[in-house]
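Quick caveat: nothing in here was measured; it's all calculated off a predicted structure. Lettering of chains follows the sequences in order, A, B, ..., and the numbering in each one begins at 1.
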Number of protein chains: 2
Amino acid sequence: MDSKIFSLKSKLEVYKAMTGGGNFADCPVRDVIQGISGKWSSLLVMALAEKPYRFGELRRLVPDISQRMLTQTLYDLQRDGYVHREVFPTKPPSVEYSLTDLGRSMFAPLQMLIQWAELNHDAVREARVAFDAAQA
Amino acid sequence: MDSKIFSLKSKLEVYKAMTGGGNFADCPVRDVIQGISGKWSSLLVMALAEKPYRFGELRRLVPDISQRMLTQTLYDLQRDGYVHREVFPTKPPSVEYSLTDLGRSMFAPLQMLIQWAELNHDAVREARVAFDAAQA
DNA sequence: AGTGCTGGTCTCTTTTTGAGACCATCGTTC
DNA sequence: GAACGATGGTCTCAAAAAGAGACCAGCACT
């Protein structure tokens, strides 16, 4: 792990990085973030961070993903270089998905967000309840 | 900031946290993550981390968001407790959006991911090009 | 011959998103 | 005094994305 990702920048610097210096569209950072902010991407990266999985295993692990979205999300993750796909010539052929080095390096900061969520999901749930009560 | 979010857990622990101990559906961590993994959520949190903004300012800052999605994403962020909405009785009324304490505490780990993206967007772009070339 | 497992694709329906018109009110301008 | 712009939205309709489930080929086992 490169420790530089832990060296905090000022909010303004981060802001400029994401916006591309004042222009929110056509920004590479935003492009990368949106690539991993899909509904299933982080979940699959998380699963594969534990160990490599085969297609059917992932499907059983995440029961509420459709086969279609599993195929497509894995394809997108592979295209962006986070996931490696390997076909084994068994009968029938089996396919194993695993994180690449890039994927593992991305999982490190993602883990921070997951830990935050773990510590704060109560606060979020309470905020929702309070908000819905105030609306009614 | 609670420094505990920086104390790394094992991958397996994180995995169990997100899956709810083996069950990927009905998991509070996953619920929170999916709430902030929408297409526009992180972008708006980022903008508001710099300073509070008014509705129209956000719209001009993020030119490719529709008014409809801006309204709805801000509503969702407010409901989950990340964003505070304040109406000022000017003529016509103006509305200011700002991060709550919860929103600011969530922005800290999000920032890690943004920094990772900033450092690695070249690698991702190259992976895409290589993948597309291999497919053709 | 029938059944199951593999990792998908194809089609159809429902949900989500995007594009753009419309709205009420007030201040300013012509 | 009538037109215009700015405020922060909502409403409708079209397009895109996602979910549900049928289907497929090949081989093993019974």
Side-chain angles (χ1 to χ4, degrees), chain A residues 24-26 30-31 33-45 47-48 51-80 83-98 131 134-135, chain B residues 24-27 30-31 33-45 47-48 51-80 83-99 131 134-135:
Chain A
F24 259 98
D26 303 329
R30 179 177 154 184
D31 177 45
I33 293 290
Q34 290 195 346
I36 57 182
S37 71
K39 183 173 180 184
W40 304 108
S41 311
S42 57
L43 201 53
L44 294 177
V45 167
L48 295 176
K51 70 186 185 74
Y53 277 109
R54 292 184 28 202
F55 186 87
E57 291 177 315
L58 286 172
R59 197 154 66 88
R60 284 185 290 274
L61 202 58
V62 186
D64 56 344
I65 193 175
S66 67
Q67 207 165 1
R68 192 181 157 285
M69 284 316 291
L70 182 54
T71 301
Q72 182 170 328
T73 306
L74 287 170
Y75 182 92
D76 292 344
L77 290 174
Q78 189 196 352
R79 190 172 101 100
D80 281 9
V83 161
H84 172 69
R85 178 181 187 269
E86 187 156 10
V87 181
F88 293 98
T90 56
K91 307 282 177 68
S94 57
V95 181
E96 190 185 80
Y97 292 91
S98 54
F131 184 84
Q135 292 303 87
Chain B
F24 259 97
D26 302 330
C27 160
R30 180 177 154 183
D31 177 45
I33 293 290
Q34 290 196 346
I36 56 182
S37 71
K39 183 173 182 183
W40 304 109
S41 312
S42 57
L43 200 53
L44 293 178
V45 167
L48 295 176
K51 70 186 184 74
Y53 276 109
R54 292 185 27 202
F55 187 88
E57 291 177 315
L58 286 172
R59 197 153 66 87
R60 283 184 290 274
L61 203 58
V62 186
D64 56 344
I65 194 175
S66 67
Q67 206 165 2
R68 193 181 156 285
M69 285 313 292
L70 181 54
T71 303
Q72 181 170 330
T73 306
L74 287 170
Y75 181 92
D76 292 343
L77 290 173
Q78 188 196 354
R79 190 172 101 99
D80 282 9
V83 161
H84 172 70
R85 177 180 188 271
E86 188 156 12
V87 182
F88 293 98
T90 54
K91 306 284 177 66
S94 57
V95 181
E96 188 185 82
Y97 293 91
S98 55
L99 285 192
F131 184 84
Q135 292 304 88

Once you round it to whole Å, what is the distance between P of C:dG20 and CG of B:Leu70?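 It works out to 17 Å between those atoms.
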For the pair made of CZ in A:Phe55 and P in C:dC5, what is the distance, rounded to whole Å?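 Distance check: A:Phe55 CZ to C:dC5 P gives 16 Å.
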Salt-bridge present (B:Arg30, A:Asp64; N to O < 4.0 Å):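 Salt bridge between B:Arg30 and A:Asp64, a charged N being under 4.0 Å from a carboxylate O: yes.
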Tell me what [X] touches on the nucleic acid: a base, only sugar-phosphate, or nothing, going by heavy atoms under 4.0 Å.
{"X": "B:Phe88", "value": "nothing"}
{"X": "B:Arg59", "value": "nothing"}
{"X": "B:Tyr75", "value": "nothing"}

Where the side chain of B:Glu96 meets the backbone of B:Glu86, is there a donor-acceptor pair that is under 3.5 Å apart?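 Not confirmed, B:Glu96 side chain does not pair with B:Glu86 backbone.
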Is the phosphate of C:dC5, meaning OP1 or OP2, less than 4.0 Å from a side-chain N or O of A:Lys91?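 Negative; the distance criterion is not met.
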Can you find a side chain N or O atom of A:Tyr53 that sits less than 4.0 Å from OP1 or OP2 on C:dG7?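 The answer is no; no side-chain N or O of A:Tyr53 sits under 4.0 Å from OP1 or OP2.
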Can you list everything that forms a side chain to side chain contact (heavy atoms under 4.5 Å, CB included) with A:Thr73? Sequence neighbours excluded, please.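 For A:Thr73, the residues satisfying side chain to side chain contact (heavy atoms under 4.5 Å, CB included) (neighbours in sequence not counted) are A:Trp40, A:Ser41, A:Leu44, A:Met69, A:Leu77.
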Side chain of A:Pro92 - closest among C:dC5, C:dG8, C:dG18: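 Of C:dC5, C:dG8, C:dG18, C:dC5 is nearest to the side chain of A:Pro92.
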First of B:Arg54 and B:Arg68 reached from the 5' end of DNA chain D, by closest nucleotide: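 Its nearest nucleotide being more 5', the pick is B:Arg54.
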Evaluate the ring-ring contact (aromatic ring centres under 6.0 Å, His included) criterion for residues B:Tyr75 and A:Phe131: first the C-alpha distance (whole Å), next the side-chain angles of each, then the deciding distance (0.1 Å), finally the verdict. CA-CA 10 Å; B:Tyr75 181 92; A:Phe131 184 84; 5.2 Å; yes
Flag side-chain contact, heavy atom, 4.5 Å: A:Leu70 against A:Leu58: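 Of all side-chain heavy-atom pairs linking A:Leu58 with A:Leu70, at least one is under 4.5 Å.
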When you list every nucleotide of DNA chain D with an atom under 4.0 Å from a heavy atom of chain A, which one comes first 5' to 3', and which comes last?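 From 5' to 3', the first and last contacting nucleotides are D:dA18 to D:dC27.
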